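Indexing begins at 1, ligand by ligand and atom by atom, following the structure's order. Not measured: the values here are computed from a predicted model.
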Amino acid sequence: MKIAIYGGYGYQGRLVLAELARHDAEITLVGRNAARLAAVARGRETRTAAATDHDALVGAFRGANAVINCAGPFTPAGAAVARAAIAAGCHYIDTSGEQLHIKRIYETCSADAHRAGVIVTPAMTDGGVPGDLLARVLADRLGGGPLHEVLTGHSVTGGGGMSRGSMRSLLGTVDVVKSGGLAYEDGEWRTDARPRLASLAFPGRGPVPVSRFALPEVVSVPRHIRAGHVQGFVEADLAARFSGAVPDDAVDAFPEGPDADARQRQRWAVVVTATTPDGRRATGSAEGPDTYGTTAAIAAEGAFRLAGTPGVRAPAEVLPPAAFLDALAPHGITWRTS
Ligand SMILES: NC(=O)c1ccc[n+]([C@@H]2O[C@H](COP(=O)([O-])OP(=O)(O)OC[C@H]3O[C@@H](n4cnc5c(N)ncnc54)[C@H](OP(=O)(O)O)[C@@H]3O)[C@@H](O)[C@H]2O)c1
């Protein structure tokens, strides 16, 4: 299998590269900076192409089975990379967490991806994939019918903090983040939705106060589950810290990202609750170490396992939900439902 990584010399891109190197993959590194590409290539093929140069991107991706785009912030340039991957006849996945980008991909790329016979799945991350897959598992356990609500929450504890690139992504969409993000309310996308949760119990912890937050799976879940309400939450103090207190020009001074030891001390958890119109409820959770390492594992495994009907698809439409979550066990990831 031949895989092109766009933004492969960034922090997340290098983790994806290391993860893919463990698989039997032929890797092409693509990016806008030839010197930075050469610095991480170690004999692998490199191709230089700016996100603004469609023809160069198509040429760089041609021949690959799949493109993994790690070049965030995604809201300004991610759709152009997805369009080039489609034009080159490649499946496309990315490591975005930005709701506006994810929504744009769903709304603008589907017909072209379908015509080209390729699968496009944004938000192949530590949060976006477990959240979307758990929601599907719960919906099926509740009978597969329309749901009243799907509520999803993320928590991250322990060492490390965010990468510089994640900080830039957050600041680039700070208005939607400050609003609590997009929620799905009776068929409409709203930033002013009434929070349907005030607290949430994460694995191994009692209930903690939560605030609405711009989570990626809020955008993907309504693609495959009929639900009246879909909302995302994080711990309230985390949401307060994410609300843009950092000035744009201070971000360059941030460390590139947590080192390997700090990543191992990190614990993430995703909790999803689904409720039927008659009040039956199911809850699922997934947890593990190392958010960025988990994203690399999910993107790499995802690129290999992607299968289904061409078009822009949610994770649960192109990955077998329970089997894919099980396949993450070697990365220290566990999951359960009740
Ligand atoms: N759960 C989640 O939501 C989640 C988890 C993991 C990662 N992510 C996302 O992954 C992204 C990458 O994070 P990171 O820490 O790897 O950032 P990073 O170290 O800054 O790397 C970003 C890479 O993208 C490239 N890039 C950025 N804008 C570009 C553009 N317009 N055209 C071409 N190349 C561009 C950069 O190239 P130059 O050096 O040439 O600028 C660099 O190679 C972020 O958006 C982050 O939020 C999200």
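- When Gly10, Ala299, Gly31, Gly127 are checked for heavy-atom proximity to atom 21 (O) of ligand 1, Gly10 turns out nearest.
- Closest heavy-atom approach to atom 23 (C) of ligand 1 within the set Ser169, Ala50, Ala71: this belongs to Ala71.
- Under a 4.0 Å heavy-atom criterion, Glu98 is in contact with ligand 1.
- Atom CG of Asp192 sits in a crowded spot, with more than 12 heavy atoms from other residues, nucleotides or ligands closer than 6.0 Å.
- Atom 33 (C) of ligand 1 has its closest protein heavy atom at Tyr6 OH, 3.2 Å.
- With atom 16 (O) of ligand 1 as the reference point, the heavy atom nearest to it among Arg36, Arg32, Gln12 is part of Gln12.
- Interface of Thr125 with ligand 1, defined as ligand atoms under 4.0 Å from a residue heavy atom, comprises 1 (N), 2 (C), 4 (C).
- Within the 4.0 Å heavy-atom cutoff, Arg168 counts among the residues contacting ligand 1.
- Of the protein's heavy atoms, Tyr9 CE1, 4.3 Å lies nearest to atom 36 (C) of ligand 1.
- Thr95 O, 3.0 Å is the protein heavy atom nearest to atom 48 (C) of ligand 1.
- Within ligand 1, counting atoms from 1 as listed, the ones closer than 4.0 Å to a heavy atom of Thr295 are 5 (C), 6 (C).
- Rounded to the nearest 0.5 Å, atoms CD (Glu45) and OG1 (Thr28) are 4.0 Å apart.
- Using a 4.0 Å cut-off between charged nitrogen and carboxylate oxygen, Arg136 and Asp140 count as a salt-bridge pair.
- When each atom of ligand 1 is checked for a heavy atom of Ala77 under 4.0 Å away, the hits are 31 (N).
- Residue contacts with ligand 1: Arg164 is excluded, as none of its non-hydrogen atoms falls under 4.0 Å.
- Less than 4.0 angstrom separates some heavy atom of Ala51 from each of these atoms of ligand 1: 32 (N).
- Environment of CZ in Arg281: sparse, with no more than 12 heavy atoms of neighbouring residues, nucleotides or ligands closer than 6.0 Å.
- One option in Val251, Leu29, Asp126 has a heavy atom closer to atom 1 (N) of ligand 1 than any other, and that option is Asp126.
- Between His148 and His229, the two ring planes are perpendicular [angle over 60°; tilted spans 30° to 60°].
- Shortest contact from atom 15 (O) of ligand 1 to any protein heavy atom: Ser163 OG, 2.6 Å.
- Looking at Tyr11, Phe74, Tyr292 and measuring to atom 19 (O) of ligand 1, the nearest heavy atom belongs to Tyr11.
- Surrounding CD of Glu256 are more than 12 heavy atoms belonging to other residues, nucleotides or ligands, all under 6.0 Å away.
- Closest heavy-atom approach to atom 46 (C) of ligand 1 among the candidates Gly72, Ser166, Ala80: Ser166.
- The existence of a salt bridge linking Arg336 and Glu287 is confirmed by a sub-4.0 Å separation between a basic side-chain nitrogen and an acidic carboxylate oxygen.
- Ion pairing between a basic and an acidic side chain is recognised when a charged N comes within 4.0 Å of a carboxylate O; Asp278 and Arg280 show such pairing.
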Exercise. Do His23 and Phe304 pass the ring pair (Phe, Tyr, Trp, His ring centres under 6.0 Å) test, and can you show the C-alpha distance, the side-chain angles, and the key distance before you say yes or no?
Worked result: CA-CA 9 Å; His23 291 69; Phe304 274 87; 4.7 Å; yes
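- Considering each of Cys70, Gly165, Pro73, the one bringing a non-hydrogen atom nearest atom 12 (C) of ligand 1 is Cys70.
- A salt bridge links Arg205 to Glu235: one of the charged nitrogens lies within less than 4.0 Å of a carboxylate oxygen.
- Paired with His91 under the rule side chain to side chain contact (heavy atoms under 4.5 Å, CB included), one option of Val120, Ile119, Ile68, Val318 passes, and it is Ile119.
- Ion pairing between Arg196 and Glu149 holds under the 4.0 Å rule for side-chain N and carboxylate O.
- The protein atom (non-hydrogen) at minimum distance from atom 3 (O) of ligand 1 is Gly97 CA, 3.2 Å.
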